[in-house]
Each structure stands twice: as structure tokens, then as C-alpha cells.
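Working notes, structure below.
First the proteins, then the strands, lettered A, B, ... as listed; each starts at 1.
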Amino acid sequence: MKKPHIPVRFVPIGATILVFLLAYAIGIANFRNFGSLRVFLNLLHDNAYLGVASIGAMVVILSGGIDLSVGSVIAFTGMLIAKMIDCGVNACWAILLAIVLGSLFGMLQGVLISTFELPPFLVTLGGMFFARGCSYVVNEQAMGILNNPVFNFIENKLEIPVGSRGLTLEFIDILYLVLLIIAIVFTQRTHAGRCIYAVGENEQAATLMGIPVRRTKIMVYTIAGFCSAVAGIVFTIYLKSGNPLSCVGLEMDAIAATVIGGTLLTGGVGYMIGSFFGVLVLGLIQVLIMFQGNINSWWTRIIVGALVLVFIFMQNLITKISKKSKG
Amino acid sequence: MEILTTTGIEKQFRGVKALKGVDFAVEAGEVHALMGENGAGKSTLIKIITGVYEPTAGKVVLNGEECRFRSPLDAERAGISTVYQEVNLLPDLSVAENVCIGREPRNRLGLIDKKAMRERARKALARLDIDIDVSESLSSYSIAVQQLVAIARALDVDCKLLILDEPTSSLDENEVNELFTVMKKLRDEGMAIIFITHFLDQVYAVSDRITILRDGQKVGTYKTAELSRVEMVAKMLGKSLAENAPQAAAKRETAEGGEIVLDVTDLGRRGMVHPVSFQVRKGEQVGFAGLLGAGRSEVAQLLFGVESRDSGQLKMHDKPLSSLFWSPRKAVKAKLALIAEDRKVTGIIPDLTVRENIMLALQASKGIWKTLSPKEQQDLTDKYIQLLGIKTPDGEQQVKNLSGGNQQKVLIARWLATQPDLMILDEPTRGIDVGAKAEIEALTKELCEKGMAVIFISSELEEVVRDCDRVVVLRDRRKIGELSGENVSLPNIMKMIAE
């Protein structure tokens with residue numbers, strides 16, 4: 001049997017990397033300093049929270065589900081931490097509690113979805129409203145985090161110098177990259193990770209092959225909840241405040257990043273590293289428009305929208321081609 | 001040596017007994033065919049053996065130990081693996097993963113050892129004499145190879161009993177032979193294989209023993225060499241050849257010389273039906289007979305354009321019908337009507353009223369802009385309710401409140417309203433009571449007398465014999481013959497199927 005040199009399944013991820021390089025090349029060609037390390041580090045820094053959220057979104061989408069509660073959980077996490085610090089609780093405990101609550105929240109959604117076979121779209125839509133409401137219950141106004149020793153420590157001490165000009169990779173960037181590597185190993189090289197692909201690809205077949213479908217789904221939403229909470233922490237460190245209004249619709253950005261990263265929305269196909277490039281592409285478009293200076297920044301959204309469509313179109317085409325070669 | 005025995009297996013679904021005490025045994029080193037018509041209980045029995053269902057009564061003994069499997073995984077761990085008709089694997093994962101997922105080899109860190117996994121997959125496939133790149137995704141291989149990968153997966157778990165549930169239905173002849181070679185090899189290595197298929201030829205080509213089920217009971221287990229085909233068919237259908245089979249009652253002076261309404265030449269589609277040719281005359285009722293899976297409904301679907309044909313010519317009243325983009329919509333325009341199998345899924349719309357259901361096809365054929373006035377609709381509905389004797393208080397009753405037989409009549413009325421020249425009825429009498437059956441049969445006869453041509457598809461051979469002027473006999477998706485007039489009889493049809 002003859003086979004192509006590049007398997008079809010690598011095409012979407014290849015396209016993502018290509019788009020990323022293309023966007024970068026456009027930037028370097030048009031703007032001075034675009035290629036500098038500083039721009040890249042800023043890109044990473046500004047999008048770390050979205051990156052962490054995208055890891056969760058990607059895992060859920062791989063399993064064939066969807067999580068709409070991401071943005072709300074981020075807002076709630078931020079509010080919770082800010083409020084607890086305001087009440088005099090040690091920030092470490094606040095952060096720990098936020099992670100536990102976020103994971104539990106995700107797990108609860110997972111149980112509803114897998115045990116009662118409720119549609120994930122609706123369960124997490126409910127979760128979205130619930131978490132958003134909760135963040136207003138914590139406090140109706142945004143709350144700043146000022147002069148907190150833990151936050152100061154994270155900001156000033158936990159960083160790795162990069163290059164010679166005093167540039168640093170900060171804590172949240174490192175956190176994102178570490179989580180990303182763990183996620184890549186997890187999805188590619190562990191039994192539980194491969195089960196996610198199996199469930200996303202064909203639930204019935206997975207059941208017949210003896211894969212614990214229910215447990216896998218609960219795990220997936222727990223991971224998503226965990227990632228949302230961590231994204232919330234990253235966002236809080238990034239802005240040093242909590243705001244009940246923040247990150248409205250962020251789940252859509254996370255989904256867009258996942259799709260642009262080459263993951264099939266129907267589940268079962270995709271690479272975690274793709275979500276990394278997806279996030280960077282989203283960020284790059286924004287930076288490009290910023291550098292341009294005289295374009296309305298909302299054009300970012302229009303370009304992202306177009307990109308998502310193009311990628312979905314391409315995936316559809318690839319699915320059809322691979323089906324044809326099967327027959 | 002017996003690997004698996006079941007004794008007195010019973011299974012009840014909401015008051016319906018699907019299995020009524022089945023004793024069944026498979027020995028090591030044999031291919032055991034499990035035969036039976038639809039509803040005989042084959043799949044229920046398999047699902048009990050593989051732990052998908054729990055039996056209501058009876059026990060399953062594997063290697064001398066009684067076992068109760070709670071899931072397919074349980075059964076797989078005990079050494080029972082199943083390969084299903086539809087390849088139930090994960091096409092986008094690699095071949096190696098499909099063989100090993102769920103029990104991947106790990107390295108010291110607890111991560112999946114990809115190299116070891118590929119090695120294991122290669123080994124399992126080598127037992128089947130297949131050498132393919134196991135790191136490619138499964139979907140890049142043909143269905144036949146995927147099927148073999150599924151078997152390799154079964155082998156990877158040290159399986160002792162392999163169940164092949166209609167594995168050949170989507171394979172071509174060469175692929176089937178390849179599969180048979182593998183089956184024989186495994187049998188000779190001492191594995192027990194249960195083989196389920198609709199294809200009689202294949203049963204005789206590969207099996208050592210045959211167990212026949214009918215109506216949830218075991219008819220018997222026979223050595224393949226000692227059971228003739230005719231006997232097997234008779235046992236599956238529950239009729240003996242000597243039995244005084246219902247002869248076609250006084251056959252009408254068939255429209256031998258009648259005008260040919262539909263002329264079909266070499267209608268077929270690869271992987272679905274081998275080319276068939278037949279004609280239907282005005283006022284004639286032509287039956288399609290054959291066992292389940294013989295290709296009866298498939299021919300109807302090709303005729304009506306539900307599936308597109310890749311060969312063949314259709315002529316209506318001597319006018320050729322274009323094969324390009326042949327679709328149900330065009331079929332309706334050409335005055336064909338199809339009352340599809342399984343009315344609940346493809347026929348009635350339960351929440352609409354009798355009137356709305358009847359109007360559907362007529363409305364569709366007129367297009368959405370031309371409307372029928374309420375008065376016209378009312379009149380048509382009343383006309384058909386009366387004509388077909390539909391038992392309903394009025395036309396505004398929701399169809400779901402009607403009995404099965406009356407629902408079927410509503411469907412027939414829907415298509416009569418389009419005034420077709422040829423009507424195809426696919427299993428119109430399934431699941432309705434005896435009285436309603438007789439009424440439907442009488443109705444089709446009447447329609448024929450009024451000059452309509454009818455194609456009648458039924459798995460109940462008696463009905464076909466009773467009602468049809470001519471019978472097209474199908475087996476293994478091929479037309480194997482045609483009987484007409486005096487020759488239409490149960491023994492003749494059975495002989496033809498068995499030959």
C-alpha cells in the first residue's frame with residue numbers, strides 16, 4: 001500500500017505553524033524591532049492566561065465536548081483571591097482554595113455530563129452563568145491586590161533572566177510553558193490521555209474496546225476546571241486585581257485558539273502543541289494591529305473570525321479526503 | 001474440548017422474551033456458524049456471551065467456570081473478543097494504538113512505551129500474516145485491513161474465543177477469502193471462533209458446525225458437512241419442505257401481455273447490490289424474496305434513488321430515466337412511490353395529523369408554492385380514509401394514536417395521493433397484527449386490479465407466495481432467479497435460495 005510522505009493528520013498542525021510563521025514574517029518585514037526577543041516575550045506574557053485556559057478547552061474538545069464556563073471561572077477565581085486577601089487570608093491559601101474549587105466545579109460538570117448524559121453545551125452554559133453570578137456575589141466591584149507579600153515575591157523573585165538586556169521570563173510564562181509540556185506528555189504518552197482521544201473519536205467504539213468512558217469524561221472536565229482556575233490565577237497575577245466583569249467570552253477565544261491549532265471540534269483529532277501556536281497566532285494578530293497603529297483594534301476579531309472559518313473549512317476538506325482514501 | 005457452553009439462557013426485554021432457554025456450545029479449534037433470521041436471537045445471545053447484557057436466567061460457562069460478565073471489558077479479560085460488523089475501532093489513531101489501547105506497554109516512568117507498543121502490534125498482525133506500517137493512522141487502510149486489525153487486537157489479549165459478527169458484509173470477494181484464510185489459521189491453532197453471517201456460501205466455505213436459532217430458541221446444532229442447504233434454509237425459516245405449503249391461490253390471468261411499466265436492466269451499486277434486471281407490468285404484483293441481507297431493500301433504495309446507482313438503466317413506460325442525479329424527488333415525478341421499511345423511522349411523522357401525513361408527498365411533489373386548499377385536503381383525506389378503511393375518528397387525529405396497521409395505511413394513502421404508476425412496498429406488514437396484515441394484502445391486490453404495478457418486499461415468504469404474480473429471488477445481493485405463475489411456491493423459492 002502506498003502512503004503519502006506527510007500523513008494527513010499532520011496537515012492542520014502544519015498549517016497552524018505556517019500561519020504563525022507567516023504572521024511573524026509580515027511583522028518583521030514591516031516593523032522595526034518586531035523580531036526582537038522583547039516582542040516575543042511580551043506576546044507570551046500577555047497571552048499566558050489564555051494559553052492555560054486553552055489547554056483545558058483543548059482537552060475538553062478532544063473528548064468531543066465543550067466547556068463554556070472558562071471565562072466565568074477565571075473571573076470568579078480572581079474575585080475569590082482578591083476578596084480573601086482583602087480579608088487578611090494568606091495569598092497561598094487563597095490560591096490553593098481557588099484551584100480546589102475550580103477543579104471541583106469542573107468535576108461536578110463532568111459528573112452531570114457523563115452520569116446523567118446531559119449535553120455538555122447546556123451543562124457548561126449553566127456553569128457559565130453560575131460562576132459569573134458567584135463572582136458578583138463575592139464583590140460587585142473590581143478589587144485590587146496591593147502590596148501583598150506573596151504576589152510581590154512571585155513578581156520579583158520568580159523569574160528567569162533571558163538574553164542580555166535584562167529581559168525575563170516571568171512566573172506566569174514559566175507556569176504556562178510547564179503546564180503545556182505536562183499537557184503534551186499527558187495527551188500523547190499516558191493511558192488516560194489516549195483514552196480522551198478514543199472517547200472523542202467514537203464513544204461507542206471506545207466502550208466496546210473496554211475504555212472507561214465515564215471516568216474519562218469526568219476527568220476531562222475536572223482538568224478543564226483546574227485549567228480555568230489556574231488561568232484565573234495567572235490572570236490575577238497579570239493584572240494584580242480581580243474583576244467580576246473580566247474575561248467575558250474568553251471561552252470563545254480558547255475555542256478559537258484550539259480550532260486554529262488544528263483540533264477537530266468533533267473530537268478525537270489534534271495535538272496539544274497546536275493550541276500553543278493557536279494562542280500565539282491570536283496574540284500575534286493583535287500585536288500586528290497594534291504595531292500598525294492606525295487600524296481600529298476590533299479588526300483583530302474580524303481576522304480571528306476569518307481564520308477560524310478558514311481552518312474549519314480546511315479540516316472539513318481533510319476529513320473528506322481521508323474518508324475517500326479509506327473507501 | 002468445549003470452551004464455552006451456555007445452558008438455558010433466557011433474556012426478557014420489557015415483557016418480550018428474546019431468548020427462551022438456549023443451550024449452546026463452542027469447541028476449541030472450530031469455526032462455529034450461528035445462523036438465524038432477523039429476530040431469531042443471534043445478537044442477543046452474542047451480547048450475553050460478551051457481557052453487554054445480563055441473562056434473565058441460565059448460565060454461561062467458560063473453561064469449566066461459570067462466569068457473569070458485567071461489561072465487554074470483563075469478557076475480554078476472560079478471553080472472549082468480538083469483532084463487529086461495523087469496524088469498531090478508532091480510525092484517527094495509529095494502527096498500533098488501535099491494537100493496544102487500554103493495555104499499552106509502559107516504561108519506567110509510567111508513560112506509554114511507543115516502541116514496545118508498535119512491536120506488539122506488529123507481532124499480533126504477523127500472526128495474521130499482515131505486514132503494514134503500524135504507526136500510520138488506521139483510516140489510511142482499507143476496511144478489510146481494519147477488520148484484520150480488529151482481529152489482531154483480539155489476539156493481543158490472548159483470546160480463546162473469537163466472535164466475528166458479520167465481519168464480511170463490507171468486504172469484497174478477495175478480502176473475504178483473505179479473512180477466511182486467517183480464520184482457518186487461527187482455528188488450526190486451537191482457537192474457537194463463532195461466525196455470524198447472512199451469506200450461506202460463506203457458512204459452507206468456512207464453518208465446521210452450524211447452530212440455528214429461530215424465535216429465540218435453538219433449532220439444533222449440526223455438522224456443516226451433514227446439513228444440506230435446503231435443510232438449513234428450511235430450519236431457519238421454520239418450514240419443512242414436505243409441509244403442505246400454501247400454494248398461490250388461483251393466480252390471476254397475469255398481465256402477461258400487459259404493458260411494461262418499469263424495465264430495469266443491470267441496476268446495481270458496488271458493495272451494495274450486484275446488477276439486477278427485471279420488469280414489472282401494469283397490474284402486476286412482483287415480489288422480492290430472499291433471506292435477510294439478500295439485498296431486497298437495497299434494490300428498492302436504488303430504484304427510488306435513496307442511494308445512487310453506479311450501473312444500470314431504468315425505463316418507465318419505455319422512456320429511459322436519466323441516471324444522472326437520480327433522486328427520490330425525481331422518482332416521485334416519474335410516478336414511483338416507495339413505502340420504506342420501518343415506518344417509524346422513515347415513514348410516518350407521529351406528531352402530525354392523519355391529514356397532514358397523507359398530504360406530505362403530494363405537497364412535496366407540487367413544490368412549496370402551490371398550496372392545496374383546506375377543502376381539497378379535507379376531501380382527499382376523507383377519500384383515502386374511506387378507501388383504505390383507516391380506523392380513525394377523523395383526519396385531525398395525530399398519527400401516533402393509531403395502531404400499527406392503520407399507520408401503515410396512512411403511509412400507503414400518502415403515496416396513493418400522488419397517483420403513482422408503480423408502488424414499492426418494503427416490509428409493509430412487519431409489526432402489525434394479523435387482521436391488519438390481511439387488509440394490507442387485500443389492498444395491494446385491489447390496487448393491482450385497478451392497474452397499478454406493485455413491488456412487494458417481505459421477509460414472510462408465505463405472503464410473497466400468496467400475493468405475488470411473479471417473484472424475484474435474491475441471495476447474497478444477487479438476483480438468482482425468477483418464478484412466475486404456477487411456479488410461485490414456498491418449496492420452489494426455498495430451493496432456489498438454498499442452491
* Closest-packed option against chain A by number of heavy-atom pairs under 4.5 Å, given B:I101, B:T50, B:T82, B:D113 -> B:I101
* Under 4.5 Å from any heavy atom of chain B - which part of A:L208 -> both
* Structure fact -> Honestly, the part of B:D74 sitting under 4.5 Å from a heavy atom of chain A is neither
* Taking every non-hydrogen atom, the tightest pair across A:I211 and A:C195 -> CG2-SG, 3.8 Å
* Could you tell me which of B:L111, B:L90, B:V52 has the largest number of non-hydrogen atom pairs under 4.5 Å with chain A? => B:L90
* Which atom names give the shortest non-hydrogen contact between B:C159 and B:M191, and what distance separates them? -> O-CE, 3.5 Å
* Would you say B:E66 has more than 12 foreign heavy atoms packed within less than 6.0 Å of its CD? -> yes
* Evaluate whether atom CD of A:Q204 has more than 12 neighbouring non-hydrogen atoms of other residues, nucleotides or ligands under 6.0 angstrom away. => no
* Asked: What distance do B:R122 atom CZ and B:D133 atom CG have between them, rounded to the nearest 0.5 Å?
  -> 8.0 Å
* B:R77, part contacting chain A, at a heavy-atom distance under 4.5 Å -> neither
